[in-house]
**Student:** 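One structure, as structure tokens, below. Some questions next.
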Amino acid sequence: MKQPQLDSKYNWDNLESRWYKYWLEKKYFQADEDSSKEPYTIVIPPPNVTGKLTMGHVLNNTIQDILIRKARMEGKNACWIPGTDHASIATESKVEAMLSEKGISKSMLSREEFLEHAWDWKDKYGGIIIKQLKTLGCSCDWDRERFTMDQDYTNAIMHAFVDLYKEGLIYKGKRLVNWCPASKSAISDEEVIHKEKNGKLWYLRYPISGEDGYVVVATTRPETMLGDSAVAINPKDKRYKHLAGKKISLPIVNRKIPIIFDDFVNIDFGTGCVKVTPAHDPNDFDMGNRHNLEFINIMNDDASLNHNVPEKYQKLTREDARKTIVEDMSSKDLIDKIEDYANSVGYSERGGVPIEYYLSDQWYMKMDTLAQPALEAVSSGKIKFHPEHWVKTYNHWMKNIKDWCISRQLVWGHQIPVWYHKDDVEKIHVSIKGPADPENWKREKDVLDTWASSWLWSFAVHSWPDKDKNLKTFYPTNTLVTGPDIIFFWVARMIMAGTKFLNEIPFKDVYFTSILRDKDGKKFSKSLGNSPDPFTLFKEYGTDAVRFSTMLMSPQGLDVLFSNERLEIGRNFMNKLWNASRFVRMNIDDTVLNSLEINIDELEIEEKWILNQLNKTTDDFNKYLDDFKFNEAAKIIYEFTWNDYCDWFIEIAKTRFYGDDTEKSKKAQIVAVKTLRGILTLLHPYAPFITEEIWSYFRGEDDVDLIVAPWLNIKTYTPDLEAIKSFDTLKGIISSVRMIRSQMNIPPNKHSSIVIRKAEKLHSVINNSKAIIQSLAKVDKIIFSDDNNRPDKSATVITNNIEIFIPLEGLIDFEVESSRLKKRLGELEKHVSASKNKLSNDNFIKKAPEEVVAHEKQKLDDMIVEYNLVEQNLDFLT
RNA sequence: GCGCGUAUAACUCAGUUGGUCAGAGUGCCUCCCUUACAAGGAGGAAGUCGGAGGUUCGAAUCCUUCUACGCGCACCA
């Protein structure tokens, strides 16, 4: 059993793991495929199996946890399917690095041997990020955890490949691919990052064969001249008409290459003559096809020069080759000039080195027919993006989609299910099981792009292609939460996979998270080392605080400027919540917890007010969450808890708790607990640990754990407007008195009396709340004055048309009071004249809606009343 | 070149279909260890809503345009 009182300090350290373990034991995270409850499903964007948790993961997975916990509390069949992906390139390069430390190179090992090392590696590091997600509090159904290289999942991938191949949507082609010389593999267009680089433009002289002259070509990559097979000129370029039919004698290699004419060449760029290297440049590749040129591959798979170049250059790296070529051309006086030139260079996202365009056999997926239904799914609104503006980016990419190079020259991954006949390479076999006579066949060595496995994630986490109960219950999923940086890699392709293989969209809503940056606006990255370690933060601030603060600082659709300082907001808030709860627990009778029934009509005004505020907050909170505005929802529950509940309600409740009236005290206790339980409910998805802990001190005997407690939903409510208005007046009185006292620097232990004028209608309200005013505004006597006499030597303030005097014999600083009143007069003057202007405008009276005009009139009247009173008081003062 | 986003207090952000005297948190200033919380309480100062036009009775909000910053795509000999 719980101790009835909360510790004096919130200590999250062992409490978090204790609750997580408890929830697991109770199997609260488990979804049930047989349940008749409405399913709510999320598939996790699978992190890299050997990765570690980053703040990006914290952001992303907290959001998913919020959605899934809320759904669970709403009584839905909440299913969050976790897992990891195998991340071909990243993992393979890590394994290679590990092996090379042991003096083993990949080429020394057979495929099977390398895979063994890779699986060892995966077994060793594969569980880390999963454990970390548990520390974060993620309520995933861990029994459903998947890995993209599981047997079932692999089967799904093979199935998809064979299907698409049979339909003619997968084909093999020899063309230029983006080649990453670091991982020695092809990569897709999406994995190429273009960076602006300051380079040079070399103007090379190419001698015309059999003549004295030369043409000058400009290039950013002089080393590729070794693979040139033509020089091209625009046919409309009058300057070079005379070169028709002539040949170039290519320096250094001494190859005779033709001069060709092609519209592609830009007359105005450089000299108008361009060297053509069909095997190493996409545009030149096309020209090579058009003009039937020679395709000379001059590179090895690591981008060093191969045997197709003169011996001197063979085996040089591309960087050394460039230097040597420039030197050699220069010594032959074949460099016309060199200019500085900024151009963008494609880098391999994973390898971090410039890519090469490399001629090779690769497997491609035909995309245009796959794209059509996916495009339709979003434009029809069946799938909604949040924020919506990503639709444009999505559409643009989809409409210009190019075929996808899906083969990778790697080992760690899904080996392509294609076999080549040993006697006839043209003869190929494509199936999941392989040929019946394997001895006569050789399997394709390449593996599939990792995204060509994770694009099936939304349904391959089940036993697809079998359509079992799980698939039927949990597909389509509800919401995908992911970063906008993988909108093409993953989101778009998952939509294509869903519509293609199941003829149904994979999810209804896609929430794109913010990008985390440091407080200077730099993107968090490993290479910059500016990314904080989440676990240090969890320890320092508490996991709930990190979760809550991260949500609070992440506006929808905008980047987040993250700083530890901003985590203090969450930590302080958790501390506030803890202490408020502690205080309430200290002051309630245990019996209250089991009988929270209450007659609303009999409540005090502050009780009616706080319950109304809770209703409003609940309503707004739900609306914000429906809208995926996690920051707004966080903010509103924060404000309600701190400002309304702690600063006003609990302060007032003190007068009830410590007052003589036991009935009133009991009512206050019930409302205090009711409201607190509301706060805990709404806050639980954001801060699961602390709320469950506090809940355990406030639950009745029949109540369930908070994680499965019913969600708060306010359908309709009819507030007692009269009571709320009275309470606002009361707040106004208290705030006004506090302001005066503070400005006069009156210490809290020195109580003062107040005189209230022009408040005939409010006498009963004020009388009923006398104790509250006295306690919160540090007032001893409240005097009503209905005549025209004003107390001497008083400060004055006007609120809600009530005039309040605070006689402060000997304490008043008349200078301060006078300048304060003058300032207020100035403000009023400004607003009154603006308001008068508005109301004297006939068009405003005629065209504006009635209630706006009426409101404006009321406002002006109130301001004039206040103006006159302030003016009188000022006169009186001087 | 095409597209997207952002610009409101010193900082980080709210501000709904145009209509409360433009808000919050942090920071800053003043006072206070008052029966949960100094990770706290009370109060205060602080904004030409990026610039310029326009629509409107009325614009932070809608339109045009410019500027600055960020991002994506395409081209790049």
Side-chain angles (χ1 to χ4, degrees), chain A residues 6 8-10 194 201-204 217-221 232 265-266 269-277 281 283-284 341-345 387 389-390 392-393 396-397 400 484-485 487-488 515 517 519 521 541 545 552-553 555 557-561 563 565-566 568-569 571-587 623 629 631-632 635 638-639 642-643 646-647 650-651 654 657-658 735 738-749 775-778 827-828 830-832 834-835 838 841-849 851-853 855-856 858-859 863:
Chain A
L6 283 78
S8 63
K9 209 158 167 70
Y10 173 48
H194 293 276
L201 199 53
W202 283 272
Y203 287 76
L204 307 180
V217 296
T219 180
T220 53
R221 301 199 58 193
V265 182
N266 182 348
F269 190 91
T271 59
C273 299
V274 58
K275 62 192 271 309
V276 184
T277 324
D281 180 277
N283 292 313
D284 294 3
Y341 185 67
N343 68 330
S344 90
V345 178
H389 68 248
W390 289 108
K392 277 212 172 184
T393 307
H396 183 259
W397 186 77
N400 297 287
D485 48 335
I487 184 169
F488 309 135
I515 290 168
R517 299 169 182 281
K519 60 177 185 297
Y541 297 93
L552 196 62
M553 69 176 108
L558 294 178
D559 291 352
V560 181
L561 301 188
S563 70
E565 212 172 77
R566 300 183 74 185
E568 288 175 12
I569 299 171
R571 184 197 56 186
N572 295 357
F573 181 51
M574 297 307 146
N575 178 59
K576 187 75 180 174
L577 177 68
W578 180 264
N579 276 292
S581 307
R582 176 167 176 260
F583 177 75
V584 171
R585 192 66 188 79
M586 272 155 107
N587 287 288
K623 273 184 200 136
K629 300 209 165 157
N631 64 323
E632 292 297 315
K635 198 165 145 184
Y638 175 96
E639 283 171 356
W642 205 306
N643 304 339
C646 295
D647 289 348
I650 291 186
E651 287 309 315
K654 283 177 182 173
F657 292 162
Y658 303 132
S735 295
R738 280 172 170 176
M739 180 191 69
I740 296 290
R741 289 177 50 96
S742 179
Q743 294 208 340
M744 299 300 158
N745 273 342
I746 301 161
N749 56 7
S775 160
L776 271 66
K778 311 294 177 200
E827 277 168 13
L828 284 166
K830 210 173 78 192
H831 296 310
V832 164
S835 185
K838 221 176 194 182
N841 183 336
D842 283 348
N843 279 326
F844 174 68
I845 306 291
K846 268 187 279 178
K847 293 187 180 172
E851 59 274 19
V852 172
V853 176
H855 184 261
E856 192 62 34
Q858 181 64 50
K859 200 174 85 184
M863 286 193 294

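Here is the naming used below: chain letters follow the sequence lines, and residue numbers restart at 1 for every chain.
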**Student:** Checking all strands, does Val560(A) fall into the base, sugar-phosphate, or nothing category for heavy-atom contacts under 4.0 angstrom?
**Tutor:** nothing
**Student:** Just call it for Asn400(A): base, sugar-phosphate, or nothing, with non-hydrogen atoms closer than 4.0 Å on any strand.
**Tutor:** nothing
**Student:** In whole Å, measure the gap between the C1' atoms of rU26(B) and rA14(B) for me.
**Tutor:**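 After rounding to an integer number of Å, I get 15 Å for this pair.
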**Student:** Could you work out the separation of rC76(B) and rG5(B) based on their P atoms and round it to a whole Å?
**Tutor:** 28 Å
**Student:** Of the non-hydrogen atoms in Leu561(A) and Met553(A), which two are nearest, and what is the gap between them?
**Tutor:**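 Reported closest heavy-atom pair: O-SD, 4.2 Å.
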**Student:** Look for any protein N or O under 3.5 Å of an N or O in nucleotides 1-4 of chain B and output each such pair with its distance, or none.
**Tutor:**
residue	atom	partner	partner atom	Å
rC4(B)	OP1	Lys392(A)	NZ	2.8

**Student:** When the C1' atoms of rA10(B) and rG47(B) are considered, how many whole Å apart are they?
**Tutor:** 11 Å
**Student:** On RNA chain B, compare the nucleotides closest to Met553(A) and Asn643(A); which residue's is nearer the 5' end?
**Tutor:** Met553(A)
**Student:** Can you check each nucleotide of nucleotides 30-42 of chain B against protein heavy atoms at under 4.0 Å and return B for base, S for sugar-phosphate only, - for none, in 5' to 3' order?
**Tutor:** SSS--SBB-BSSS
**Student:** Could you write out each protein N or O paired with an N or O of nucleotides 15-20 of chain B at a distance under 3.5 Å?
**Tutor:**
none

**Student:** So which heavy atom on Ala580(A) is nearest to which on Cys646(A), and how close?
**Tutor:** CB-SG, 3.6 Å
**Student:** Between N or O atoms, less than 3.5 Å apart, protein on one side and nucleotides 45-50 of chain B on the other: list the pairs.
**Tutor:**
residue	atom	partner	partner atom	Å
rA45(B)	OP1	Lys823(A)	NZ	2.3

**Student:** Which of the following nucleotides, rC75(B), rG70(B), rA14(B), is nearest to the side chain of Ser344(A)?
**Tutor:** rC75(B)
**Student:** Please list each protein N or O that sits under 3.5 Å from an N or O in nucleotides 6-10 of chain B, with the distance.
**Tutor:**
none

**Student:** Quantified in whole Å, what is the P atom distance between nucleotide rU6(B) and nucleotide rG15(B)?
**Tutor:**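 Rounded to whole Å, the distance is 11 Å.
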**Student:** Check whether any side-chain N or O of Arg738(A) sits under 3.5 Å from a backbone N or O of Leu776(A) as a donor-acceptor pair, and report yes or no.
**Tutor:** yes
**Student:** For Tyr341(A), which contact category applies under a 4.0 Å heavy-atom criterion: base, sugar-phosphate, or nothing?
**Tutor:** sugar-phosphate
**Student:** Determine which bases of RNA chain B form Watson-Crick or G-U wobble pairs with both distances under 3.5 Å, and write the result as a 5' to 3' dot-bracket string with | for other-strand partners.
**Tutor:** (((((((..((((.....[...)))).(((((.......))))).....(((((..]....))))))))))))....
**Student:** Answer yes or no: is there a donor N or O on one side and an acceptor on the other, between the side chain of Asn575(A) and the main chain of Arg571(A), under 3.5 Å?
**Tutor:** no
**Student:** I want to check a possible cation-pi pair here: Lys576(A) against Tyr638(A), using under 6.0 Å from ring centre and within 45° of the ring axis as the test.
**Tutor:** no
